[in-house]
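Before any comments, here is the structure.
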Amino acid sequence: MAADQRALASIEIKMSDIPEGQTKTFEWRGKPVFVKHRTATEIAREKAVNVSELRHPQHDDERVQKDEWSVVIGVCTHLGCVPIAGAGEFGGYYCPCHGSHYDGSGRIRKGPAPLNLNVPAYVLKEDKIVVGQS
């Protein structure tokens, strides 16, 4: 694979660029990727969710590789709008198009979206998150 193709296939994000409690948006393969540096309170809240009450049941542990970092594709699973990070009733993401609310793990909690926000393939390497590798 040529170097320019590899560059499109993955992006590197420096963890130190995202302060605790904040979400930053990056572009990968033409799509927004939300990287959230979660606080201890946020982590505890997401792990305490009763999975059986979720429309698309996934435990937080299935969606993150390291508790402090949530990495999701920022495309609503309803009709493909881009949600707003740090908004909505569950402290995660809110889609302004039709009112879907996602939690801090990117799980659908309210509104028309049928599925959780997708988690892209990514690896944690020292001080970086490499999106697009597995």
Side-chain angles (χ1 to χ4, degrees):
M1 186 183 303
D4 59 337
Q5 290 175 307
R6 273 199 308 275
L8 289 173
S10 65
I11 58 169
E12 286 191 358
I13 298 160
K14 284 176 59 180
M15 293 179 191
S16 59
D17 287 347
I18 307 169
E20 188 177 55
Q22 289 195 19
T23 302
K24 292 221 176 168
T25 306
F26 300 88
E27 187 175 329
W28 173 66
R29 294 186 180 170
K31 294 180 185 152
V33 173
F34 298 147
V35 180
K36 184 175 181 71
H37 187 172
R38 305 191 307 178
T39 64
T41 304
E42 289 170 326
I43 293 164
R45 182 180 65 218
E46 301 316 336
K47 292 199 178 299
V49 169
N50 183 346
V51 175
S52 68
E53 295 173 1
L54 297 176
R55 181 178 309 162
H56 180 190
Q58 279 188 316
H59 192 276
D60 187 61
D61 292 343
E62 297 174 65
R63 299 185 52 79
V64 299
Q65 293 180 24
K66 189 175 181 187
D67 290 346
E68 293 85 353
W69 298 98
S70 167
V71 181
V72 296
I73 295 176
V75 175
C76 182
T77 59
H78 179 229
L79 292 173
C81 294
V82 177
I84 299 165
E89 292 177 28
F90 298 91
Y93 309 94
Y94 171 72
C95 184
C97 294
H98 303 99
S100 290
H101 295 256
Y102 298 88
D103 65 18
S105 188
R107 296 173 296 198
I108 182 63
R109 300 298 292 277
K110 183 178 178 182
L115 300 170
N116 299 334
L117 294 176
N118 288 306
V119 176
Y122 72 95
V123 292
L124 301 172
K125 282 187 182 169
E126 295 150 20
D127 61 340
K128 292 186 187 86
I129 297 169
V130 184
V131 178
Q133 287 186 358
S134 54

If I take atom [atom1] from residue [X] and atom [atom2] from residue [Y], how far apart are they, to the nearest 0.5 angstrom?
X      : Y      : atom1 : atom2 : answer
Lys128 : Lys14  : NZ    : NZ    : 7.5 Å
Ile43  : Trp69  : CD1   : CH2   : 10.5 Å
Ser70  : Tyr93  : OG    : OH    : 4.5 Å
Glu89  : His101 : CD    : NE2   : 4.5 Å
Gln65  : Ile129 : CD    : CD1   : 9.0 Å
Arg45  : Asp103 : CZ    : CG    : 7.5 Å

Give a yes or no on whether [X] and [Y] share a hydrophobic cluster (residues Ile, Leu, Val, Met, Phe, Trp, Tyr; joining criterion: side-chain heavy atoms under 4.5 Å apart).
X      : Y      : value
Val75  : Leu117 : yes
Ile73  : Val82  : yes
Leu124 : Val71  : yes
Val130 : Val119 : no

Are any of the side-chain nitrogens in Glu12 or Lys125 under 4.0 Å away from the carboxylate oxygens of its partner?
no
Could you tell me whether Glu42 and Lys36 have a side-chain N and a carboxylate O separated by less than 4.0 Å?
yes
Hey, does the side chain of [X] reach the backbone of [Y] with a donor-acceptor pair shorter than 3.5 angstrom?
X      : Y      : answer
Asn50  : Ser52  : yes
His56  : Asn116 : yes
Arg29  : Gly132 : no
Lys24  : Asp17  : yes
Gln133 : Val123 : no

Once you find the SG atom in Cys76 and the one in Cys97, is the distance between them below 2.5 Å?
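No - the two cysteines, Cys76 and Cys97, have SG atoms at least 2.5 Å from each other.
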Closest approach of [X] to [Y] (non-hydrogen atoms, all atoms of both residues):
X     : Y      : result
Ser10 : Trp28  : CA-NE1, 3.8 Å
Val72 : Ser105 : CG1-O, 4.1 Å
Gly74 : Phe34  : CA-CE1, 3.4 Å
Pro83 : Cys81  : CD-O, 3.4 Å
His59 : Arg107 : C-NH1, 3.7 Å
Glu46 : Gly104 : OE2-N, 3.0 Å

Start with the C-alpha gap between Asp60 and Val51, add the side-chain angles, then the distance that decides, and say whether side-chain contact (heavy atoms from CB on, under 4.5 Å) holds.
CA-CA 9 Å; Asp60 187 61; Val51 175; over 6 Å; no
Can you confirm whether Lys47 is buried at NZ, in the sense that more than 12 heavy atoms of other residues, nucleotides or ligands lie under 6.0 Å from that atom?
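Counting other residues, nucleotides and ligands, NZ of Lys47 exceeds 12 neighbours.
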Close side-chain approach of [X] to [Y], heavy-atom, < 4.5 Å:
X      : Y      : answer
His37  : Glu20  : yes
Phe26  : Ile18  : yes
Ile108 : Ser100 : yes

Derivation and outcome, side-chain contact (heavy atoms from CB on, under 4.5 Å), residues Val33 and Tyr122
CA-CA 11 Å; Val33 173; Tyr122 72 95; over 6 Å; no
